[in-house]
K.L.:
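Take this structure first; my questions come after.
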Amino acid sequence: MPKKVYNNVEDHRLIDGGAIVEDVTKVGLPTISHPTDKISSSGMVMDVDMPDITHLEAMEYTITHNNGVNSDRLGVPGLHHHEFRTVRQRYNVAGGAIEHESVKYRLVGVHTKTQKGDIETGSPYGSTDTYSCLRYEEEVNGKVETVIDAMAGVIMYNGKTYTDVVQNMLK
């Protein structure tokens with residue numbers, strides 16, 4: 001029987017350069033997008049966008065917060081090392097079991113902008129900081145599933161490094 005699993009975020013914590021940042025309400029993870037070339041040939045009934053699996057478009061991520069403890073660090077210009085830790089509750093439908101799993105996102109980015117938020121009576125005064133992503137790493141229950149490192153030239157999913165194919169052919 002197939003195993004259906006539903007995930008809900010139970011709790012999360014953001015660490016910026018070793019300091020825990022409090023009152024983070026949301027982290028907008030980057031969109032991973034490959035550049036494409038349009039292929040159009042006679043005899044084809046439609047054009048096809050062919051992705052380049054060894055390159056990615058520029059990525060950015062955001063951190064939204066209510067100006068809690070250490071949140072002033074988030075808007076500092078320059079390089080940031082973020083670790084976003086989450087605990088997801090998993091409901092295994094087939095087994096009828098409720099489980100938990102650890103998911104960690106490690107992001108290296110350069111601060112690009114701060115949206116200072118809205119001033120609204122009865123609402124917390126929050127901000128959203130945006131970063132240009134240089135490195136993205138996703139770890140689930142201690143296993144690294146995704147690594148994207150712009151400077152090292154690495155695109156890796158589930159242990160397979162897609163950039164190695166081209167580099168090995170150039171040897």
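Only heavy atoms go into these numbers, but all of them, side chains included; no hydrogens, no water, no symmetry mates.
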K.L.:
Please work out which of the three classes, parallel, tilted or perpendicular, describes the rings of Y157 and Y162, given edges at 30° and 60°.
P.N.:
perpendicular
K.L.:
Please tell me if the side chains of E137 and R135 come closer than 4.5 Å, counting only heavy atoms from C-beta onward.
P.N.:
yes
K.L.:
Distance check, rounded to the nearest 0.5 Å: I53 atom CD1 versus I155 atom CD1?
P.N.:
8.5 Å
K.L.:
Evaluate the side-chain proximity of R13 to I20: yes if any heavy-atom separation is below 4.5 Å, no if none is.
P.N.:
yes
K.L.:
With heavy-atom distances below 4.5 Å as the criterion, would you say the side chains of L56 and I148 are in contact?
P.N.:
yes
K.L.:
Any heavy-atom pair between the side chains of Y131 and V108 that's under 4.5 Å?
P.N.:
no
K.L.:
Could you see if Y105 belongs to whatever hydrophobic cluster contains V110? Use Ile, Leu, Val, Met, Phe, Trp, Tyr and a side-chain cutoff under 4.5 Å.
P.N.:
no
K.L.:
Could you walk me through whether V87 and Q89 pass the side chain to side chain contact (heavy atoms under 4.5 Å, CB included) check?
P.N.:
CA-CA 7 Å; V87 175; Q89 179 183 19; over 6 Å; no
K.L.:
Counting only N and O atoms by type, is there a donor-acceptor contact under 3.5 Å from the side chain of Y136 to the main-chain atoms of L29?
P.N.:
no
K.L.:
Establish, from distance only, whether the side-chain atoms of Y61 and H82 form a donor-acceptor pair under 3.5 Å.
P.N.:
yes
K.L.:
Grab the two heavy atoms, one from D47 and one from S40, that are nearest each other, plus how far apart they are.
P.N.:
OD1-OG, 2.8 Å
K.L.:
Consider side chain to side chain contact (heavy atoms under 4.5 Å, CB included). Of H65, K113, Q115, which one does D129 pass it with?
P.N.:
H65
K.L.:
What verdict does the side chain to side chain contact (heavy atoms under 4.5 Å, CB included) test give for I98 and R90, after you've listed the backbone C-alpha separation in whole Å, the side-chain angles of each residue and the deciding distance to 0.1 Å?
P.N.:
CA-CA 6 Å; I98 296 174; R90 299 166 33 100; over 6 Å; no
K.L.:
Please round to the nearest 0.5 Å and tell me the distance separating atom CE of M50 and atom CD1 of I39.
P.N.:
4.0 Å
K.L.:
Tell me the closest heavy-atom pair linking R106 and E83, and the distance in Å.
P.N.:
NE-OE1, 3.4 Å
K.L.:
First locate atom OG of S71, then atom CG of D23, and finally report the distance between them rounded to the nearest 0.5 Å.
P.N.:
8.0 Å
K.L.:
How far does CG of L107 sit from CE of M59, to the nearest 0.5 angstrom?
P.N.:
8.0 Å
K.L.:
What distance do D149 atom CG and T161 atom OG1 have between them, rounded to the nearest 0.5 Å?
P.N.:
11.5 Å
K.L.:
Heavy-atom distance under 4.5 Å between the side chains of E145 and E139, does that happen here?
P.N.:
no
K.L.:
Count the heavy atoms belonging to other residues, nucleotides or ligands that lie under 6.0 Å from CE of M151, then report whether that count exceeds 12.
P.N.:
no
K.L.:
Any sub-3.5 Å donor-acceptor pair from D118's side-chain atoms to E120's backbone N or O?
P.N.:
no
K.L.:
Where the side chain of T112 meets the backbone of T130, is there a donor-acceptor pair that is under 3.5 Å apart?
P.N.:
yes
K.L.:
Is any side-chain N of the basic residue among E10 and R88 closer than 4.0 Å to the acidic one's carboxylate O?
P.N.:
no
K.L.:
Of all residues at least two apart in sequence or in a different chain, which pass the salt bridge (charged side-chain N to carboxylate O under 4.0 Å, His left out) check with K38?
P.N.:
D49
K.L.:
Are P35 and E57 side-chain neighbours, meaning at least one heavy-atom pair lies under 4.5 Å?
P.N.:
yes
K.L.:
If we count only N and O atoms by modelled type, under 3.5 Å, do the side chains of D16 and H80 hold a donor and an acceptor together?
P.N.:
yes
K.L.:
Does the side chain of T128 come under 3.5 Å of the side chain of T64 through a donor N or O and an acceptor N or O?
P.N.:
yes
K.L.:
Please give me the minimum heavy-atom distance between H111 and T114, naming the atom from each residue.
P.N.:
NE2-OG1, 2.9 Å
K.L.:
For T36 and P51, work out which heavy atoms get closest and say how close.
P.N.:
CG2-CA, 3.8 Å
K.L.:
To the nearest 0.5 angstrom, please state how far the OG1 atom of T25 sits from the CG atom of L14.
P.N.:
11.0 Å
K.L.:
Taking V144 as the starting point, is it possible to reach V154 by hopping between hydrophobic residues whose side chains are less than 4.5 Å apart?
P.N.:
yes
K.L.:
Are any non-hydrogen side-chain atoms of H12 and F84 less than 4.5 angstrom apart?
P.N.:
yes
K.L.:
Do any N or O atoms from the side chain of T86 and from the backbone of V9 form a donor-acceptor pair under 3.5 angstrom?
P.N.:
no
K.L.:
Check the side chains of S102 and N141 for a donor-acceptor pair under 3.5 angstrom, ignoring hydrogens and angles.
P.N.:
no
K.L.:
Side-chain contact test, heavy atoms from C-beta onward, threshold under 4.5 Å: evaluate it for I15 versus V21 and give yes or no.
P.N.:
no
